[in-house]
Amino acid sequence: MRTATLGPAERIEALAGMAERELDVLVVGAGVVGAGTALDAVTRGLSTGIVEARDWASGTSSRSSKLIHGGLRYLEMLDFALVREALKERGLLLERLAPHLVKPVPFLYPLQHKGWERFYAGSGVALYDAMSLSSGHGRGLPVHRHLSRRGALRVAPCLRKDALVGALQYYDAQMDDARFVTTLVRTAASYGALAASRARVTGFLREGARVVGARVQDVEAGVAYEIRAKQIVNATGVWTDDTQALIGERGQFHVRASKGIHLVVPKDRIHSTTGLILRTEKSVLFVIPWGRHWIVGTTDTEWDLDKAHPAASSADIDYLLEHVNTVLATPLTRDDVEGVYAGLRPLLAGESDATSKLSREHTVAHPVPGLVVVAGGKYTTYRVMAKDAVDEAVHGLDQRVAPCVTEDTPLLGAEGYRALWNARARIAAQTGLHVVRVEHLLNRYGSLTEQILALIAEDPTLGEPLEAADDYLRAEIVYAASHEGARHLDDVLTRRTRISIETFDRGTLSARVCAELMAPVLGWDEHQIDKEVEHYEKRVEAERESQRQPDDLTADAARLGAPDIVPI
């Protein structure tokens, strides 16, 4: 196995390695589906490369509701196959593949009508639990329970007494989506995949009708590469149509973007020991526990503006506050909002009724020889989407290829995690860190925590928390740059950590110290440190300004006021 380190040197080596010889599979796009596809391909013994135009998970896969769930509302749509598939994947992630990253989370569903609603909703949740257990991977979560109004108010005192007549409580799971994708990429690299971020595909290489490779621009160094591959997988999510356009072929389906925004508020603003799930006139609204915070979301609106930086408008924020306040005894206000983030769901919109009905289901196509396209789906079922994409690619390979093994391939950090968790008090005593700090590290890095602790042993100052974001240790910032492929300050504050949405200053007070910690690893001088900090501050101000705008058009214009970071 290769190293799982994704530092600056490894990135350059990966790009050079991809250009040196023909790969079996080149994956374009490193969101959760692309990263999962790279892991699937390389663990079948295929020579594999993956390139991403920006940072790992910089699009949809870092801006989700952070849930691994079966999709309870899809039961109401009678989409039993999708729910059953998602529940199996949820169980696999909790029990086997990523127990360090995926955790159970309780949700309370308030009932507003006596009699029939408890029977109707209760039947649905009972079926949800039964399908989970029947998958063979559902025993890691408690089953649902019925609560009276008094019982519901005991676990969620934040609720207005007149907002419910009783409640149901059930369990799903959650994860840090961007951290999960980074771990997927590193796991693929550990099995031999070549991975490079900030490497943009600018065109495809063709021999007649066949796609035989891609032109890739190293955005950081300005160097162009020609990477040849027997099969290319387009896993670019909401950019699928843009990527398809590079080959000049009409796609078999189209992907449209649906915007969902989320608010982050401090834990003390909502007094509850459980998450909440509420009905709205359009879909559902979640209030999700998130460390010392709550995530409130989401919206579902058409978006046809800038895909790289979807903007949350003032109307979006008001919509969420208005709906969540219908059940809260102490309403939330704008002043309670620490962070706001907007993401785009890739929804299939086919040219016929047959594909347009797919919605959150996924599809795989082989529009031209040598190119596979995978699109649609939901975060929870990324592994199934990746398997289907590689299965399709294998049809174009003139060789025998092993079947998918990712159902039995734990992600980096999973092996040994439970043993280290049981020993967390001893680790705390040995390292001098508080046991809460050790738990924090174990739930972000699993058994790779030992690498963080090694950095702290070498430089004890790295064991200190960041002053303006004390949930995180200084060592985590260094590790993000040295091991996790972070190339810029924005990568660290927005995706390797969640400082950008977990602090009222949106990370501006942490920006300079984080840039200074990254500088030795990435070779930055004072000028580059200043440039990184200035860019980040402009990004935050542009986002704040967009959130003061009344609609999508003006919010998008305001957000585009901050340009992307200039390459080093």
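In this chain, numbering begins with 1 at the start of the sequence shown. Keep in mind the model is a prediction, meaning the values are calculated, not measured.
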Could you check whether [Y] and [X], counting side-chain N and O atoms only, form a donor-acceptor pair closer than 3.5 Å?
X    : Y    : result
T37  : D40  : no
T299 : D316 : no
S62  : R495 : no
Q174 : W290 : no

Report the distance from atom [atom1] of [X] to atom [atom2] of [Y], rounding to the nearest 0.5 Å.
X    : Y    : atom1 : atom2 : result
L194 : I50  : CG    : CD1   : 11.0 Å
L39  : L411 : CG    : CG    : 7.0 Å
L15  : S197 : CG    : OG    : 8.5 Å
T182 : L412 : OG1   : CG    : 11.5 Å
T243 : N234 : OG1   : CG    : 4.5 Å
K66  : R179 : NZ    : CZ    : 12.5 Å

Beyond-backbone contact of [X] with [Y], side-chain heavy atoms, under 4.5 angstrom:
X    : Y    : value
S546 : H309 : no
H483 : L448 : no
Y379 : S65  : no
E220 : R11  : yes
Y74  : K378 : yes
L97  : R383 : yes
V340 : E543 : no
R215 : V201 : no

(message) A cation-pi test, strictly: NZ or CZ of K259 under 6.0 Å from the centre of the six-membered ring of Y319 and no more than 45 degrees from its axis. Yes or no?
(response)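 No, K259 does not lie over the aromatic ring of Y319.
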
(request) Using the side-chain hydrogen bond (donor to acceptor under 3.5 Å, both in side chains) rule, take W56 and E484 through it: C-alpha gap first, then chi angles, then the decisive distance, then the call. (result) CA-CA 9 Å; W56 318 129; E484 296 183 330; over 6 Å; no

Listed pairs under 3.5 Å, donor-acceptor, residues 504-512 side chains, sequence neighbours left out:
residue: D505; atom: OD1; partner: G507; partner atom: N; Å: 2.8
residue: D505; atom: OD1; partner: T508; partner atom: N; Å: 2.9
residue: D505; atom: OD1; partner: L509; partner atom: N; Å: 3.0
residue: R506; atom: NE; partner: E338; partner atom: O; Å: 2.7
residue: R506; atom: NH1; partner: Q547; partner atom: OE1; Å: 3.1
residue: T508; atom: OG1; partner: D505; partner atom: O; Å: 2.9
residue: R512; atom: NH1; partner: D530; partner atom: OD1; Å: 3.0
residue: R512; atom: NH2; partner: D530; partner atom: OD1; Å: 3.2

(request) Start with the C-alpha gap between R444 and T497, add the side-chain angles, then the distance that decides, and say whether side-chain hydrogen bond (donor to acceptor under 3.5 Å, both in side chains) holds. (result) CA-CA 10 Å; R444 282 170 55 75; T497 70; over 6 Å; no

Taking the basic N atoms (NZ, or NE/NH1/NH2) and the acidic carboxylate oxygens, is any pair closer than 4.0 Å for [X] and [Y]?
X    : Y    : answer
R548 : E541 : yes
R559 : D306 : no
E534 : K531 : no
D491 : R198 : yes

(request) Take R334 and D318, measure what salt bridge (Lys or Arg N to Asp or Glu O under 4.0 Å) needs, and give me the verdict at the end. (result) CA-CA 8 Å; R334 286 286 186 114; D318 287 343; 3.1 Å; yes

(message) Using the rule given for side-chain hydrogen bond (donor to acceptor under 3.5 Å, both in side chains), can you reason through D300 versus S258, listing the C-alpha separation, both sets of side-chain angles and the distance that settles it, and then say yes or no?
(response) CA-CA 6 Å; D300 188 356; S258 169; 2.2 Å; yes

(request) Quick one: sort the H262 and Y341 rings into parallel, tilted or perpendicular, breaks at 30° and 60°. (result)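 Rings of H262 and Y341: parallel, as their planes differ by under 30°.
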
(message) Can you tell me how the ring of H440 sits relative to the ring of Y472, calling it parallel under 30°, perpendicular over 60° and tilted otherwise?
(response)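 Plane angle over 60°, so perpendicular.
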
(message) Take a 6.0 Å sphere around NZ of K538 and say whether it holds more than 12 heavy atoms from other residues, nucleotides or ligands.
(response)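 Atom NZ in K538 is not packed in, count stays at 12 or less.
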
(message) Does atom CD (E302) have a neighbourhood of more than 12 heavy atoms from anything else shown, all under 6.0 Å?
(response)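 Count over threshold, so yes.
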
(message) Working note: D242 + T236, criterion side chain to side chain contact (heavy atoms under 4.5 Å, CB included); need CA distance, chi angles, decisive distance, verdict.
(response) CA-CA 9 Å; D242 304 70; T236 51; over 6 Å; no

(message) Once salt bridge (Lys or Arg N to Asp or Glu O under 4.0 Å) is applied, do any residues pair with R496, and if so which ones, sequence neighbours excluded?
(response)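 Salt bridge (Lys or Arg N to Asp or Glu O under 4.0 Å) list for R496, sorted by chain: D55.
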
(message) Under the criterion side chain to side chain contact (heavy atoms under 4.5 Å, CB included), I'd like the reasoning laid out for V238 against T60: C-alpha separation, chi angles, the key distance, then a yes or no.
(response) CA-CA 8 Å; V238 294; T60 307; 4.2 Å; yes

(request) Please step through side chain to side chain contact (heavy atoms under 4.5 Å, CB included) for the pair W303 and T301, ending with a clear verdict. (result) CA-CA 6 Å; W303 180 265; T301 55; 5.9 Å; no

(message) As a quick check of understanding, evaluate side chain to side chain contact (heavy atoms under 4.5 Å, CB included) for R269 and W294, giving each step before the final call.
(response) CA-CA 9 Å; R269 302 305 197 272; W294 297 96; 5.7 Å; no

